[in-house]
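Reading through the structure tokens given below for one structure.
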Amino acid sequence: QVQLVESGGGLVQAGGSLRLSCAASGRTFSSYAMAWFRQAPGKEREFVAAISWSGGSTTYAEFVKGRFTVSRDNAKNTVYLQMSSLKPEDTAVYYCAAARTFVRPSSEGEYDYWGQGTEVTVSS
């Protein structure tokens, strides 16, 4: 069992930056691939970024490439999402998720555990 708790959300102006964190419980964090998804008001949840067990592989949605960076610290059981050049359309609840595989990292169905989310609001 893995429990995930996101933090770091808030209100930021367009062009600004935020760093989200996702702290995981359990001693097996390093055996899980991790991802960030987001859900904007009135929209379906969508993939943002994912990182493999070791951190050696990452993948991003096209709309965040060059602006967001996913990383992890297995010693701290934490995954991060550094967001920069934020846009109003990045406003959403951001969720982290954990998966045993890294086969289809952009697919929600791959993920076994989800956090409760942290809200990010980008003002124009």
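Values in this document were obtained by computation on a predicted structure and should not be read as measured data. Residues take their numbers from the sequence shown, with the count starting at 1.
- Considering CG of N77 and OG of S30, their distance stands at 7.5 Å, rounded to 0.5 Å.
- Remark: R100 is not positioned above the aromatic ring of W53, lacking an NZ or CZ atom under 6.0 angstrom from the ring centre and at most 45 degrees off the axis.
- I51 and V5 end up in different hydrophobic clusters when Ile, Leu, Val, Met, Phe, Trp and Tyr side chains are linked at under 4.5 Å.
- Side-chain N or O atoms of T118 include none that pairs as donor or acceptor with a backbone N or O of E6 at under 3.5 Å.
- Note: T91 OG1 to E89 CD = 8.5 Å, rounded to the nearest 0.5 Å.
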(request) Show your reasoning for whether side chain to side chain contact (heavy atoms under 4.5 Å, CB included) applies to L86 and F68. (result) CA-CA 9 Å; L86 284 162; F68 292 10; 3.8 Å; yes
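- Linking Ile, Leu, Val, Met, Phe, Trp and Tyr residues whenever their side-chain heavy atoms come within less than 4.5 Å leaves L81 and F102 in two separate clusters.
- T78 contributes a side-chain N or O that, together with a main-chain N or O of K76, makes up a donor-acceptor pair within less than 3.5 Å.
- With S84 contributing its side chain and S17 its backbone, the two residues share no donor-acceptor pair below 3.5 Å.
- One N or O on the side chain of R72 and one on the backbone of S52 form a donor-acceptor pair closer than 3.5 Å.
- By the rule that hydrophobic residues join a cluster once side-chain heavy atoms approach within less than 4.5 Å of another member, Y111 and V48 end up as members of separate clusters.
- Around atom CD of E46, more than 12 heavy atoms belonging to other residues, nucleotides or ligands sit under 6.0 Å away.
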(message) Set out, in order, the CA-CA distance, both residues' side-chain angles and the distance that settles side chain to side chain contact (heavy atoms under 4.5 Å, CB included) for V120 and D90, then state yes or no.
(response) CA-CA 8 Å; V120 172; D90 293 318; 5.6 Å; no
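- Annotation for F29 and V79: closest pair CZ-N, 4.1 Å, computed over non-hydrogen atoms.
- A distance of 7.5 Å separates CD of Q1 from OG of S25, quoted to the nearest 0.5 Å.
- A cation-pi arrangement is present between R45 and Y95 under the rule of less than 6.0 angstrom and at most 45 degrees off the ring axis.
- Cluster annotation: L4 and Y32 are assigned to the same hydrophobic cluster (Ile/Leu/Val/Met/Phe/Trp/Tyr, side-chain heavy-atom contacts under 4.5 Å, transitive).
- At least one side-chain heavy atom of L20 sits less than 4.5 Å from a side-chain heavy atom of W36.
- Around the CD atom of Q116, the shell of radius 6.0 Å holds no more than 12 heavy atoms that belong to other residues, nucleotides or ligands.
- Of the possible donor and acceptor atoms, none in the side chain of S107 sits under 3.5 Å from a partner among the backbone N and O of R104.
- No side-chain donor from either of Y80 and R19 sits under 3.5 Å from a side-chain acceptor of the other.
- In this structure, R67 fails the cation-pi test against Y60, since its NZ or CZ atom is not both closer than 6.0 Å to the six-membered ring centre and inside 45 degrees of the ring normal.
- What you find for E108 and W114 is that their closest heavy atoms are O-CZ2, 3.8 Å.
- Considering every non-hydrogen atom in both A50 and V70, the closest pair reads O-CG1, 3.6 Å.
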(request) Just do the side chain to side chain contact (heavy atoms under 4.5 Å, CB included) check on S123 and L11 with the steps written out, would you? (result) CA-CA 7 Å; S123 63; L11 174 64; 4.3 Å; yes
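- Under the 3.5 Å distance criterion, the side-chain polar atoms of Q39 are left unmatched by any main-chain donor or acceptor of Y94.
- Residues M83 and F37 do not share a hydrophobic cluster, clusters being chains of Ile/Leu/Val/Met/Phe/Trp/Tyr side chains in contact below 4.5 Å.
- Interatomic distance, SG of C22 versus CE of M34, reported as 4.5 Å (0.5 Å rounding).
- Side-chain contact annotation: T101 with E110, donor-acceptor N/O pair under 3.5 Å present.
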